[in-house]
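Following: one structure in structure tokens, then a few remarks.
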Amino acid sequence: MVERPEQLCGGRAGSPAPKLLAACVLAAGIALGGTGVAGAEPDSGSSSALDAEWEASWAAYEFEESQAGSALVTVNVDLPITIDAPIDRVFPAYSNFSNGFGRHPFLKGVLDRRKYTEGGADVWEFIALEDIPAGPVSIPGRTVGQQRVHAADHWYSTDTWDMPGVITHQKVTFAEDGDATTVTEHLTFSAPAPLIDYTVQNGVSSHIANQQAMQRDIENGTL
């Protein structure tokens with residue numbers, strides 16, 4: 001059973017967070033549109049535009065990460081799920097980001113920036129294209145990210161950043177138990193105080209939906 005994260009900052013039904021998020025994303029997109037950051041479309045087929053967007057967004061992520069102790073509120077959540085399949089089947093399927101298409105409720109596309117090996121990990125830099133719910137509407141989002149896969153040790157991590165100042169860290173571990181595998185997503189959400197409840201609720205619900213879809217499709221042989 002998943003323990004839901006504690007409500008922070010007076011979160012309640014009717015909270016203005018979705019409207020605030022929409023306003024912040026719109027304002028940030030206008031302000032940064034000229035630099036190719038979050039919300040601006042890179043030129044079709046232009047790797048230099050994609051590089052510029054990723055690098056500028058990652059610099060913003062690193063700056064905000066350094067300010068997390070004072071400027072952002074952080075919540076940790078662990079989401080375990082047991083999949084009735086051996087680890088050698090579960091790990092490659094679960095760690096493959098592309099398998100989130102049609103399973104993760106927000107994920108609509110992905111832009112590859114580059115792939116390389118560093119410190120024994122296979123590293124992938126990308127921009128995920130998402131439709132983020134905000135009340136009765138969805139906001140097109142561009143999430144800059146980096147995944148580091150440690151295949152030999154059966155774990156991987158993913159760091160992502162979204163406008164306006166939403167950071168998510170994932171460390172996903174795999175433990176084999178007979179013919180089954182327990183996958184645990186260790187999630188850390190950081191966001192400005194007015195957005196932390198909304199960020200955690202949306203993040204947790206989307207990760208649970210993706211976990212359940214992965215469990216179903218690994219067990220039934222689709223993956």
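If you read the sequence from its start, that first residue is 1, and numbering goes on from there. What's counted below: heavy atoms across the whole structure, side chains too, no hydrogens, waters or symmetry copies.
In this structure, Y94 and Y156 have tilted ring planes: the angle between them lies in the 30° to 60° band.
Under a hydrophobic-cluster definition in which Ile, Leu, Val, Met, Phe, Trp and Tyr are linked whenever side-chain heavy atoms come within less than 4.5 Å, directly or via other members, I81 and I208 are assigned to different clusters. Hydrophobic cluster membership differs between F174 and L79, with clusters built from Ile, Leu, Val, Met, Phe, Trp and Tyr side chains linked at under 4.5 angstrom. Clustering ILVMFWY residues whenever any of their side-chain heavy atoms sit less than 4.5 angstrom apart, transitively, puts V144 in a cluster other than the one holding L107. Hydrophobic cluster membership is shared by Y61 and I127, with clusters built from Ile, Leu, Val, Met, Phe, Trp and Tyr side chains linked at under 4.5 angstrom. With hydrophobic clusters built from ILVMFWY side chains whose heavy atoms lie under 4.5 angstrom apart, W155 does not share a cluster with V90.
The closest side-chain donor-acceptor pair between E176 and T181, if any, does not fall under 3.5 angstrom. Donor-acceptor pairing under 3.5 Å is lacking for the side chains of H169 and S157. There is no side-chain donor-acceptor pair under 3.5 Å between T143 and T160.
In this structure, NE2 in H207 is found 13.5 Å from CD in Q212, a value given to the nearest 0.5 Å. We find the CG-OG distance between D112 and S98 to be 7.5 Å, quoted to the nearest 0.5 Å. Annotation: the span from E125 atom CD to D51 atom CG amounts to 9.0 Å, rounded to 0.5 Å. Taken from CD1 in I139 to CG in D131, the straight-line distance is 10.0 Å, to the nearest 0.5 Å. Taking CG of L195 as the reference point, atom CZ of F189 lies at 13.5 Å (rounded to 0.5 Å). Separation of atoms OG (S57) and CZ (R113) is listed at 10.5 Å; rounding is to 0.5 Å.
Two residues are said to be in side-chain contact when any heavy atoms from C-beta on lie closer than 4.5 Å; S206 and H104 meet this criterion. By the 4.5 Å heavy-atom criterion applied to side chains, D88 and H154 are counted as neighbours. You'll find the side chain of L50 stays beyond 4.5 Å of the side chain of E55, heavy atoms only. Counting heavy atoms from C-beta outward, T168 and D159 have side chains that stay 4.5 Å or more apart. Using a 4.5 Å heavy-atom threshold, the side chains of V77 and V75 count as touching. When side chains are defined from C-beta on, H186 does not count as touching Q170, because their heavy atoms never get closer than 4.5 Å. Taking 4.5 Å as the limit, some side-chain heavy atom of F101 sits within range of a side-chain heavy atom of V110. Put simply, the side chain of R89 reaches to within 4.5 Å of the side chain of I218, judged on heavy atoms.
Taking each heavy atom of P140 and S138 in turn, the nearest pair found is CD-O, 3.8 Å. Of all the heavy atoms in P92 and I87, the pair that sits closest is CD-O, 4.0 Å. For the pair V166 and A191, the tightest heavy-atom approach, listed with the atom from each and the gap, is CG2-CB, 4.2 Å. Considering every non-hydrogen atom in both G165 and L72, the closest pair reads O-CD2, 3.8 Å.
A distance-only check finds a donor-acceptor pair linking the side chain of S205 to the backbone of N202 [under 3.5 Å]. A donor-acceptor pair under 3.5 Å is formed between the side chain of N220 and the backbone N or O of R216.
Tested against W161 for a side-chain hydrogen bond (donor to acceptor under 3.5 Å, both in side chains), the candidates E62, E64, Q146 yield a single pass: E64.
Here R148 pairs with E118 under the salt bridge (Lys or Arg N to Asp or Glu O under 4.0 Å) rule; sequence neighbours left out. Partners of D179 under the side chain to side chain donor-acceptor pair (under 3.5 Å) rule, at least two apart in sequence or in another chain, do not exist in this structure.
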**Message:** Under the criterion side chain to side chain contact (heavy atoms under 4.5 Å, CB included), I'd like the reasoning laid out for Q211 against E185: C-alpha separation, chi angles, the key distance, then a yes or no.
**Reply:** CA-CA 9 Å; Q211 280 187 319; E185 297 193 16; 3.5 Å; yes
**Request:** Begin with the C-alpha distance, continue with both residues' side-chain angles, and end with the deciding distance and a verdict on side chain to side chain contact (heavy atoms under 4.5 Å, CB included) for T74 and T188.
**Result:** CA-CA 7 Å; T74 296; T188 300; 3.4 Å; yes
**Pair E219-I83, side chain to side chain contact (heavy atoms under 4.5 Å, CB included): steps then yes or no** = CA-CA 7 Å; E219 290 182 348; I83 300 175; 3.9 Å; yes
**Prompt:** Step by step, would you call T82 with Q215 a side chain to side chain contact (heavy atoms under 4.5 Å, CB included)?
**Reply:** CA-CA 8 Å; T82 298; Q215 177 191 46; 5.6 Å; no
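Taking the charged nitrogens against the carboxylate oxygens, R103 and D217 do have a contact shorter than 4.0 Å, which makes a salt bridge. Between E53 and R142 there is a salt bridge, with a side-chain nitrogen of the basic residue lying less than 4.0 Å from a carboxylate oxygen of the acidic one.
Around atom OH of Y116, more than 12 heavy atoms belonging to other residues, nucleotides or ligands sit under 6.0 Å away.
For residues 119-146, the pairs satisfying ring pair (Phe, Tyr, Trp, His ring centres under 6.0 Å) are F97-W124, F97-F126, W124-F126, with sequence neighbours left out.
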